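One structure is given below, encoded as C-alpha cells.
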There are 2 protein chains.
Amino acid sequence: MYPSYGRISLDAEEGNGLMKGEEMAKEMLSIMMRKGWRITDQRRTLAQIFTETEGYLSPKDVYESMRLKYPGVSFDTVYRNLRMLSEMGGLEQFYFLEGGLKFKASCQSHHHHHLICINCEKTLTFDYCPMEQKLDLPGNYKIINHRFEIYGICESCQGEIKNDKVDTDEETESLID
Amino acid sequence: MYPSYGRISLDAEEGNGLMKGEEMAKEMLSIMMRKGWRITDQRRTLAQIFTETEGYLSPKDVYESMRLKYPGVSFDTVYRNLRMLSEMGGLEQFYFLEGGLKFKASCQSHHHHHLICINCEKTLTFDYCPMEQKLDLPGNYKIINHRFEIYGICESCQGEIKNDKVDTDEETESLID
DNA sequence: ATTAGTGCAAAGCGTTTGCATCCAA
DNA sequence: TTGGATGCAAACGCTTTGCACTAAT
C-alpha cells in the first residue's frame, strides 16, 4: 500500500548541513537577544540541550536534562521557554499521538522535510518538497502552509526491533498523529 | 516562501467520491459488527454525527452533538468510542496545535491526502501522493508511513477573514502541529 | 443469561497561571 | 535600578480509570 522511493536531491545526514553544535546554540541565543529576551542560565542550558540532541525531546525530557546541569529549574520555566522559542522559530514542534508534544532544534536557513524513525525518533532532513510540483488542488484554497513527513525505522533500529516491537503497522498508526 | 501549485489528478470535492452520507454510516456500523462490537444507540448516533459533518470534530464537539440526540451520554463514553473507532480505522485523527485532537470520518477505500482550511477546517481530499515520486531519501530507513497535508484558506473563508483574522503566518504556524 | 457497554465520579497527566522573589541588563 | 525571568503552588483542561448498573446479543 505504501509507494516507492528512490533518488532525488537531498543534503546532509544530520544537523542539516548548514549549522551544527555550537553554532546552533549560538543561533538560538542570538534569536533571544534579537527579540530582547534575557539570556539566563536556564535558557543557555536549554539551548545547549537541544544542540546536543539528535531526536525529539518532550518537555519532560528537557526538564530532566535541565535538572542535571541546573538542579533548581522548575517545570513551568521549561514550558515557558519551550513555548517562546517555538513561537519565534528556534524550535520545531511535533505532536506524536503516543508521546505527545515534542521539540527539536529547527533549521532556520532552508526549507526541508523530515524522515523520522518511529522507534528512536532519530530524524533526518531532506530537501525534496512536494509543493514544488505543479499540484492541481481541488477548491480554491489560498495555500498558506504544508506538512510532509515520512516515518520509518532507521538502520540501527531495524536490528533491535525485530525482537520486541514487532507489530509495525499498529505502532505507526498510533505514533503518527 | 511557499511554493507553486497547479494541475494534477484529483477527485471529488467532498465525501471523497466513493462513499457518502448514509453509506458512510453503514460502513462504520459494519466495522463495529465485524469487530464484534455491539451496536448501541450511542454508537449509532456517533456514526451518524460524523456522516453529517464535513470538517473535524473535537471530542467536545461530538459530545455536544451526541447530547442533542441522546441526552444521557457521558463524556467518557464519547472518548471510548472515538478511540475505538479510530484505532480500527473508522475515523481519522488530526492534532491541531490550537484546538487539540480532532476526528473525521475516514475514507477506507483509497489512499489520499488532505487540503485543510485553517479557518473553518473544511477539508478536501486529493489523490496526489508525494511518495509516488522516486524519492532519494537519506539514511537507510525502512519506510512505514507518511503524512502530507496542505493548509490554506478555503474560498468562503477568504472573504470573511480579511476583517478579523489577519496575521495568517502566525495563525498557520500555530495551527499546524 | 452473559458480558460488553454505559454513566458516574474520581484520578491522572500535561500544561498554564498568579504572584512574590530574583537577577540580567 | 527595574522589568523580565524564575520558582512555587495551585488551577485548569483534556483524557483515562474503577466500579456498579444497564442493555445488546
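Residue numbers begin at 1 in each chain, while the letters A, B, ... track the order of the sequences. Values in this document were obtained by computation on a predicted structure and should not be read as measured data.
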For B:N81, answer base if it contacts any base atom (sugar-phosphate contacts may also be present), sugar-phosphate if it contacts only those atoms, and nothing otherwise; contact means non-hydrogen atoms under 4.0 Å.
sugar-phosphate
Can you tell me how far OH of A:Y70 sits from CG of A:D41, rounded to the nearest 0.5 angstrom?
5.0 Å
Can you tell me if A:Q42 touches the phosphate of D:dG7, counting only side-chain N or O atoms and a distance under 4.0 Å to OP1 or OP2?
yes
Phosphate oxygens OP1/OP2 of D:dC8: is one of them under 4.0 Å from a side-chain N or O of A:S74?
no
How long is the line joining [atom1] of [X] and [atom2] of [N], in whole Å?
| X | N | atom1 | atom2 | result |
| --- | --- | --- | --- | --- |
| B:L101 | C:dG14 | CG | P | 16 Å |
| A:E87 | C:dT15 | CD | C1' | 14 Å |
| B:M32 | C:dG5 | CE | P | 10 Å |
| A:R83 | C:dT17 | CZ | C1' | 10 Å |
| B:E64 | D:dC14 | CD | P | 11 Å |
| A:R43 | C:dA24 | CZ | P | 12 Å |
| B:D76 | D:dA20 | CG | P | 16 Å |
| B:L97 | C:dT16 | CG | C1' | 15 Å |

Check for a donor-acceptor pair, side chain of [X] on one end and backbone N or O of [Y] on the other, with a separation under 3.5 Å.
| X | Y | value |
| --- | --- | --- |
| B:S106 | B:G89 | yes |
| A:R43 | A:R38 | yes |
| A:Q158 | B:N140 | yes |

For A:K60, give me all partners under salt bridge (charged side-chain N to carboxylate O under 4.0 Å, His left out), at least two apart in sequence or on another chain.
none
Terminal axis angle for the helix from C:dA1-D:dT25 to C:dA25-D:dT1, five pairs an end, nearest 10 degrees:
40°
Please tell me which of the listed nucleotides, D:dT6, C:dG14, D:dT15, lies nearest to the side chain of A:Y79?
C:dG14
Per B:M84 side chain, nearest of listed nucleotides C:dG5, D:dG7, D:dT17:
C:dG5
Hey, any chance A:F50 and A:M33 share a hydrophobic cluster, counting ILVMFWY side chains that come within less than 4.5 Å of each other, even indirectly?
yes
A:H113 and B:H146 aromatic centres sub-6.0 Å
no
Are the aromatic ring centres of B:F94 and B:Y56 under 6.0 angstrom apart?
yes
Upstream residue (5' side of DNA chain D) when A:Y70 and B:R80 are each assigned their closest nucleotide
A:Y70
Side-chain donor-acceptor contact under 3.5 Å, A:R34 with A:S30
yes
Within residues 33-40 of chain A: residues closer than 4.0 Å to DNA chain D (heavy atoms)
A:W37, A:R38, A:T40
